[in-house]
Amino acid sequence: MSLPARFDVLCTGLHLATLDGEGWGVVRDGAIGVVGDTIAWVGAERDRPRDVAATWSRDFGGAWATPGLVDCHTHLVYAGHRAGEFERRLRGATYAEIAREGGGILSTVRATRAADAGALAEASRPRLAAIAAEGATTVEIKSGYGLEREAELKQLAVARSLGRELGVDVRTTLLAAHAVPPEFAGRPDAWIDAVCADIVPAAARSGLADAVDAFCDTIGFTRDETRRVFEAARAHGLPVKLHAEQLSDQDGAALAAEYGALSADHLEWLSPRGIEAMAGAGTVAVLLPGAYYALRETRLPPIDALRARGVPMAVATDCNPGSSPTTSPLLMLNMACTLFRLTPPEALRGMTHVAARALGLADRGRLRAGLRADVAVYAIDEPAELAWRFGGNPCLGALRAGVPHFGSGQ
Ligand code: NIG
Ligand code: FE
């Protein structure tokens with residue numbers, strides 16, 4: 001890349017975990033120069049071109065920079081909470097039982113439908129802000145708590161507007177096939193008809209969805225129903241992803257792979273067949289340790305087999321009021337290592353460039369000239385600290401598309 005006459009932003013006094021090449025890709029005593037929304041120069045301070053001045057510059061005094069975190073699976077736009085359901089689960093009820101009684105996802109649907117866009121934004125803003133405050137620069141947000149056309153579009157629109165407001169790159173996913181809404185109780189097929197004939201087309205027309213997702217499981221939708229949703233997405237040019245093999249093996253991951261899915265997510269019940277299909281299609285495995293933890297699952301996703309077959313593994317918060325009420329991507333790095341036995345660099349890759357790939361984004365997730373200038377800065381002594389600690393937040397701020405967000409309010 002040719003050098004610019006001037007950097008818009010220059011960050012010095014940083015050790016870099018570039019994630020470029022093997023392992024952390026460490027550059028000690030490094031610097032990053034940005035032009036517009038792009039990294040124009042990155043490397044060791046001693047190699048920095050001295051004749052390029054900067055409009056905004058900061059010396060971070062030995063902090064660490066990583067690629068901005070990418071949280072590639074959240075349901076953070078919702079109203080209400082599910083603390084009562086949590087108490088019931090503590091007394092022995094299961095997630096699936098509560099769902100079958102019309103609680104679970106459907107109780108959040110009632111609260112989310114009742115909130116207007118302003119109230120929904122107000123409830124959701126602190127969650128996106130908290131995720132961003134730990135260094136996330138790209139966040140995926142799903143619908144799936146509206147379960148009627150206008151309420152689904154309302155969720156997606158609120159997600160996009162919160163992204164603009166907070167300066168976070170929000171990617172939206174239509175998840176109308178999340179549960180059967182009360183109006184269609186006992187008629188899942190009729191609901192899937194409506195999703196395919198009305199809601200997917202409306203989401204595509206409005207430009208409010210970047211992808212389409214579904215929940216393929218015993219308390220979600222069958223493989224055949226999911227296939228119909230994927231056909232509709234394909235007909236409208238939208239890529240797909242899938243909540244697959246979370247509570248049971250429905251062979252959903254293989255179906256997702258058949259449709260060239262960007263990702264299959266959860267995967268505790270993933271079979272060898274599903275692994276092969278994902279490996280063949282290049283579908284990313286999105287691991288969600290928060291849901292595994294909160295639902296006290298005991299069956300681990302087949303991490304070793306995924307690794308052995310070269311299936312890329314992403315890590316995300318799954319921020320949602322039912323199975324993963326967290327807003328901490330850093331805690332998920334810890335849980336990915338502690339519960340799922342990822343290595344710390346694997347976990348960070350899983351929340352940067354692999355997560356970006358799960359969103360179809362190839363322009364971010366490493367510190368490399370020419371990539372988007374999404375950079376998180378942490379007050380740590382070495383990068384493994386990000387996964388070692390649980391609780392607390394060492395993030396000093398971030399560049400988001402080249403824009404500095406440091407100090408109060410970030
Ligand atoms: O990713 N499994 C389905 N969807 C969410 C949970 C949604 C909810 O309980 O509200 C998940 O775990
Ligand atoms: Fe989810």
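As the structure lists them, so they are numbered: ligands from 1, and atoms in each ligand from 1. Numbers here simply count residues along the sequence, with the first being 1.
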| task | Determine, step by step, whether R89 and E85 satisfy the salt bridge (Lys or Arg N to Asp or Glu O under 4.0 Å) criterion, reporting the C-alpha distance in whole Å, the side-chain angles of both residues, the deciding distance to 0.1 Å, and the verdict. | result | CA-CA 6 Å; R89 288 208 315 272; E85 181 183 307; 3.6 Å; yes

| query | Which atoms of ligand 1 sit under 4.0 Å from any heavy atom of I105? | reply | 7 (C), 8 (C), 9 (O), 10 (O)

| said: Geometry only, no angles: is T108 polar-contacting ligand 1 at N/O separations under 3.5 Å? | reply: no

| field | Heavy-atom nearest neighbour in the protein, as seen from atom 9 (O) of ligand 1, with distance rounded to 0.1 Å | value | Y95 OH, 2.5 Å

| said: Within 45 degrees of the ring normal and closer than 6.0 Å to the centroid, is that where the cationic atom of R299 sits relative to W269? | reply: yes

| If you count the atoms of ligand 1 from 1 in the order shown, which ones are under 4.0 Å from a heavy atom of H266? | 1 (O), 11 (C), 12 (O)

| field | Geometric cation-pi criterion, R127 with Y78: 6.0 Å, 45° | value | yes

| task | Please state whether Y78 comes within less than 4.0 angstrom of ligand 1, counting heavy atoms only. | result | no

| task | Starting from atom 4 (N) of ligand 1, locate the nearest protein heavy atom and write down its residue, its atom name and how far away it is, to 0.1 Å. | result | H178 NE2, 2.9 Å

| task | For D318, counting its heavy atoms only, list the atoms of ligand 1 lying under 4.0 Å from any of them. | result | 1 (O), 11 (C), 12 (O)

| query | Which is it for K241 and D213 under the salt bridge (Lys or Arg N to Asp or Glu O under 4.0 Å) test, yes or no, and what are the steps along the way? | reply | CA-CA 5 Å; K241 35 184 54 242; D213 194 349; over 6 Å; no

| query | Rounded to the nearest 0.5 Å, how far does NE2 of H178 lie from OG1 of T108? | reply | 9.0 Å

| Hey, is E225 close enough to R223 for a salt bridge, meaning N to O under 4.0 Å? | no

| said: Tell me whether E122 at atom CD has more than 12 heavy atoms from other residues, nucleotides or ligands lying less than 6.0 Å away. | reply: no

| field | Under 3.5 Å donor-acceptor, E152 side chain and G144 backbone | value | yes

| request: Using a strict 4.0 Å cut-off to heavy atoms of R82, name the atoms of ligand 1 that fall inside it. | output: 8 (C), 9 (O), 10 (O)

| request: Could you check L262, V229, T226, T283 and say which one makes a side chain to side chain contact (heavy atoms under 4.5 Å, CB included) with L242? | output: T226

| Among protein heavy atoms, which lies nearest atom 2 (N) of ligand 1, and at what distance? | Q246 OE1, 2.7 Å

| Nearest non-hydrogen protein atom, atom 12 (O) of ligand 1 | S323 OG, 2.5 Å

| message | Checking D37 against R400 for the salt bridge (Lys or Arg N to Asp or Glu O under 4.0 Å) test, could you report, in this order, the C-alpha distance in whole Å, the side-chain angles of both residues, the deciding distance, and whether it holds? | response | CA-CA 8 Å; D37 62 1; R400 303 193 203 128; over 6 Å; no

| query | How many protein N, O or S atoms are found at a distance of less than 2.8 Å from the Fe ion (ligand 2)? | reply | 4

| remark: ligand 1 atoms nearer than 4.0 angstrom to some heavy atom of H243 are 1 (O), 2 (N), 3 (C), 4 (N), 11 (C)

| field | Nearest neighbour in protein (non-hydrogen) for atom 10 (O) of ligand 1 | value | Y145 OH, 2.6 Å

| query | Charged N to carboxylate O below 4.0 Å: is that the case for E87 and R91? | reply | no

| Under 6.0 Å between the ring centres of F406 and F60? | yes

| message | Which of the numbered atoms in ligand 1 are under 4.0 angstrom from any heavy atom belonging to H73? | response | 1 (O)

